[in-house]
Enquirer: 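Got a structure here, written out as structure tokens. Questions coming.
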Amino acid sequence: MRTNIRTVLVAGLLSLSITVPAVAGEPISPRFNADPSPHYFKGRFYLYATDDASNSGKYWDSTSWRLYTSKDLKTWTDDGAFLDVKVFKWAKPDAKAWAPEAAARNGKYYFYAPIGGDKIGVAVADKPQGPYRDARTDALIDKARDANAGAEPIDPAVLIDDDGQAYLFFGTRVPKVVKLNKDMISTTGPIMDVVVTGYPSDDPKKKYGEAPFLHKRNGLYYFSFSTGWPGQIIYGTSTSPVGPFEYRGVILDYLKISTNHQAIIEHKGRSWLFYHDNLLPGGGSHRRSIAIEPLDYNADGSIREVVLKKK
Ligand code: FUB
């Protein structure tokens with residue numbers, strides 16, 4: 001990481017805003033963070049993340065989410081802990097806050113918050129940075145309440161398709177998808193299993209694990225995910241947003257860390273892969289760091305594997 005870090009103490013807010021120039025493969029922040037959810041809202045990049053600096057160091061047990069913003073993907077400002085699980089009155093105040101997601105619609109911003117490993121809440125705000133308030137009085141997805149929510153409804157990912165239909169993907173070990181209503185805070189229809197065909201191996205450790213993510217390019221839907229613990233980031237494609245997806249290849253190989261979690265965005269004709277890795281001193285499986293790499297496609301629409309520089 002370059003060393004010219006500018007630190008600004010925001011008086012009265014007890015919030016540390018740190019602006020860091022990041023280059024490919026290097027951490028976007030000197031503070032541990034993970035599970036990137038990057039978005040481009042109204043001329044600025046917003047990166048919502050799990051906070052790995054406030055957890056116990058032994059488990060992913062932080063209880064708030066972090067926000068980083070950038071105008072160019074190079075220089076990132078740490079906008080702090082913008083949301084705590086306590087915003088959701090139905091959640092235990094010490095429930096773990098895991099990989100988040102955000103979406104914009106109806107002039108509002110929606111934040112999808114996996115809480116405690118068994119529920120996904122949704123909060124709403126007038127601005128991407130908040131303040132967010134619970135958009136409902138209960139969870140959007142609840143393992144105990146919803147049929148086929150799966151063993152661990154975590155890792156939400158939202159795609160609003162060109163026809164206006166929004167989809168919420170989530171889940172561990174078996175990927176799930178459910179349609180969202182236009183209000184973005186309620187679902188319609190059943191929770192369905194997402195099918196991936198053509199895996200190169202029958203080994204369950206080389207199939208779906210977690211971190212579902214859907215993006216669309218040239219009319220084709222790309223479903224990427226981590227194979228587990230540790231995780232290789234692989235993907236399949238489909239002409240339907242809900243699959244079945246046919247396995248196409250590896251996006252990012254195993255890292256020396258117990259999890260991986262990716263997101264892909266396209267901006268001004270370039271695609272970018274966000275992921276987390278062990279990149280800072282004192283880092284590890286519970287002290288992760290988000291980084292970014294350019295992502296390229298072949299002429300047939302397949303994704304070129306991202307090969308990280310050796311550290
Ligand atoms: O950060 C906690 C969990 O680790 C996330 O929910 C998973 O995607 C994995 O990255």
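Every number for a ligand or one of its atoms is a count from 1 in the order of the listing.
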Enquirer: May I ask you to list the atoms of ligand 1 that are less than 4.0 angstrom from any heavy atom of T259?
Expert: 4 (O), 9 (C), 10 (O)

Enquirer: For the residue pair T50 and D35, confirm or rule out a side-chain donor-acceptor distance under 3.5 Å.
Expert: yes

Enquirer: Would you check if there is a donor-acceptor pair between the side chains of S302 and R248 at a distance under 3.5 Å?
Expert: no

Enquirer: side-chain hydrogen bond (donor to acceptor under 3.5 Å, both in side chains) for T69 and D79? Distances and angles first, verdict last.
Expert: CA-CA 7 Å; T69 60; D79 286 339; 3.0 Å; yes

Enquirer: Quick check against the 3.5 Å criterion: does N106 have a side-chain atom that pairs as donor or acceptor with the backbone of K182?
Expert: yes

Enquirer: Which of these, E210, E152, R288, has its nearest heavy atom closest to atom 4 (O) of ligand 1?
Expert: R288

Enquirer: Which of the numbered atoms in ligand 1 are below 4.0 angstrom from a heavy atom of D35?
Expert: 1 (O), 2 (C), 3 (C), 5 (C), 7 (C), 8 (O), 9 (C), 10 (O)

Enquirer: Would you call K96 a ligand 1 contact, heavy-atom distance under 4.0 Å?
Expert: no

Enquirer: Could you tell me which atoms of ligand 1, counted from 1 in the order shown, lie closer than 4.0 angstrom to a heavy atom of H261?
Expert: 7 (C), 8 (O), 10 (O)

Enquirer: Is it true that the side chains of Y221 and D161 contain a donor and an acceptor less than 3.5 Å apart?
Expert: yes

Enquirer: Which residue owns the protein heavy atom closest to atom 6 (O) of ligand 1, what's the atom, and how far is it?
Expert: D155 OD1, 2.6 Å

